[in-house]
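Accompanying notes for the structure given below.
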Protein chains: 2
Amino acid sequence: MRPALSPLEALEGLDATEKADIDRILETLVYLYSESRRVTKEVARQHGLTGPQVTALKMLEGFGDLSLSDLSARMSATNSTVTGIADRMVRDGLVERVRSERDRRVILIRLTDRGSALAAQIPVESMSVFAAALRSLQARDRRELTRILRVLSDRVADLVAEGGPPEAEARTEAQANAETEAEGKP
Amino acid sequence: MRPALSPLEALEGLDATEKADIDRILETLVYLYSESRRVTKEVARQHGLTGPQVTALKMLEGFGDLSLSDLSARMSATNSTVTGIADRMVRDGLVERVRSERDRRVILIRLTDRGSALAAQIPVESMSVFAAALRSLQARDRRELTRILRVLSDRVADLVAEGGPPEAEARTEAQANAETEAEGKP
DNA sequence: GGCGGATGTTACGCACGCGAAAGTTCCAGA
DNA sequence: TCTGGAACTTTCGCGTGCGTAACATCCGCC
């Protein structure tokens, strides 16, 4: 199917086909990811909300009251980001802030009646297009995908963990060589 | 092997295992995506740049002068977003705006000497951790992944075109080429 | 030649999204 | 007890990211 390696490629351990494959995979993933986000945002907008606001509503609907930290963790965002989102949702009457009795440092985010009603009204969750597409996959392919993604995420976790400064591992030998004298910043 | 469907699941067309699988896939993808972005951002920061700035530098290094619209398309962002990025890069002396001779509506974005030097110094591209992880995959798995992602992105494109997922109706015009345009790089 | 739509860029307003620092509250240990 | 550090949230500043509107330029068509 694919042409044999040229001598140069063989010497350098490079493979143009491999690079093209990887670029294609990355491009497709970025497409899938950003398209899913775009659709979610569009759906949210039809209800007068933003994407992250829908995510928060659904989290609170599913789990009940959540501390701001818990909500942040479930939304994969930082506390400072979610503080702002909560601010706007309070402003719009979707949630309220309640001080925890157990630990007075904790602020619980709670749905208001209006927030609950809206959450019940909105059928979708984050990444709904993506989920729909996954649902249409053959079970076998879905299992394959799960397995491969597992491998990838383990590998990424390793790469990130190993090199404290996450610069030394994510590149080819050629790039590493070209960089040996390029340290420091203007 | 997964257990047989319970009567309820069969009746409703639901499958708890399937839903869990899909949730897991989505979770893993979000993890991979956001972790990759985080690392890219971290690398950029070590050179005094931001993630999108690095992306822009690398595009300009690879393609030469680009109109703002071309640069936006290659970065998968809107013109208004890239206008802001270009503003800050001009402010920092990385690029300059040049009016096109051929078409006076067009503004070309051009690397300055400082910008070129910096681009040459920075070894990574966007999603570098992800790319490294993909490189460590077996060739067979990489082919499987490519195939499955192709199916998914076709499906997503269909869903979006038709009128969307369960409930969404998202309009899009410039996304159809995201797939067909996956060829060719200098 | 000039008009009207198409194309290219910027301006503006808003909502994330993050890191660093500041302000509370809790808790373990001297 | 009290004191220092840890846990939790908010504030601040900056940089995306997008949609809409405004503005300039180009081009086909009369």
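So that the names make sense, note that chain A is the first sequence line, chain B the second, and so on, each numbered from 1.
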Hey, is the main chain of Gln53(B) close enough, under 3.5 Å, to the side chain of Lys58(B) for a donor-acceptor pair? no
Could you tell me how far apart Glu35(B) (CD) and dC18(C) (C1') are, to the nearest whole angstrom? 14 Å
Taking only side-chain N and O atoms of Arg91(A), does any of them lie within less than 4.0 angstrom of OP1 or OP2 on dA15(C)? yes
Length of the line joining Asn79(A):CG and dC16(C):P, which is rounded to integer Å: 16 Å
Using atom CD1 of Ile107(A) as one end and atom C1' of dT11(D) as the other, report the distance to the nearest whole Å. 14 Å
When the distance from CG of Asp70(B) to P of dT7(C) is rounded to whole Å, what number comes out? 14 Å
Roughly, in whole Å, what's the span from CG in Asp87(B) to P in dT9(C)? 13 Å
Within the pair Thr50(B) and dT16(D), is there a side-chain N or O less than 4.0 Å away from OP1 or OP2? yes
Taking the side chain from Arg110(A) and the backbone from Val95(A), do they hold a donor-acceptor pair closer than 3.5 Å? no
Donor + acceptor pair across side chains of Thr83(B), Ser80(B) (<3.5 Å): no
Looking only at side-chain atoms of Ala77(A), point me to the closest of dG8(C), dC18(C), dG17(D). dC18(C)
Sugar-phosphate only, base, or nothing, as touched by Thr83(A) at under 4.0 Å among non-hydrogen atoms: base
Donor on one side chain, acceptor on other, Ser69(A) and Ser72(A), under 3.5 Å: no
Looking at Arg45(A), I want to see if its CZ is surrounded by more than 12 non-hydrogen atoms of other residues, nucleotides or ligands under 6.0 Å. no
Of the options Leu66(B), Leu68(B), Asp65(B), which is the one that meets Ile109(B) in a side-chain contact (heavy atoms from CB on, under 4.5 Å)? Leu68(B)
Under 3.5 Å, side chain of Ser153(B) to main-chain N/O of Thr28(A), donor-acceptor pair present? no
Could you state the atom-to-atom distance from CG of Leu108(B) to P of dT7(C) in whole Å? 19 Å
Starting at atom CG of Leu71(B), determine the distance to atom C1' of dT9(C), rounded to an integer number of angstrom. 13 Å
Taking for each residue the nucleotide of DNA chain D with the nearest heavy atom, is it Val106(A) or Arg37(A) whose nucleotide lies nearer the 5' end? Val106(A)
What string of B, S and - do you get for nucleotides 19-29 of chain D, 5' to 3', when a contact is any protein heavy atom under 4.0 Å? B-----BS---
Interatomic distance, Leu68(A) CG vs dT25(C) C1' [rounded to whole Å]: 16 Å
Side chain of Ile85(A) - closest among dC16(C), dC8(D), dT16(D): dC16(C)
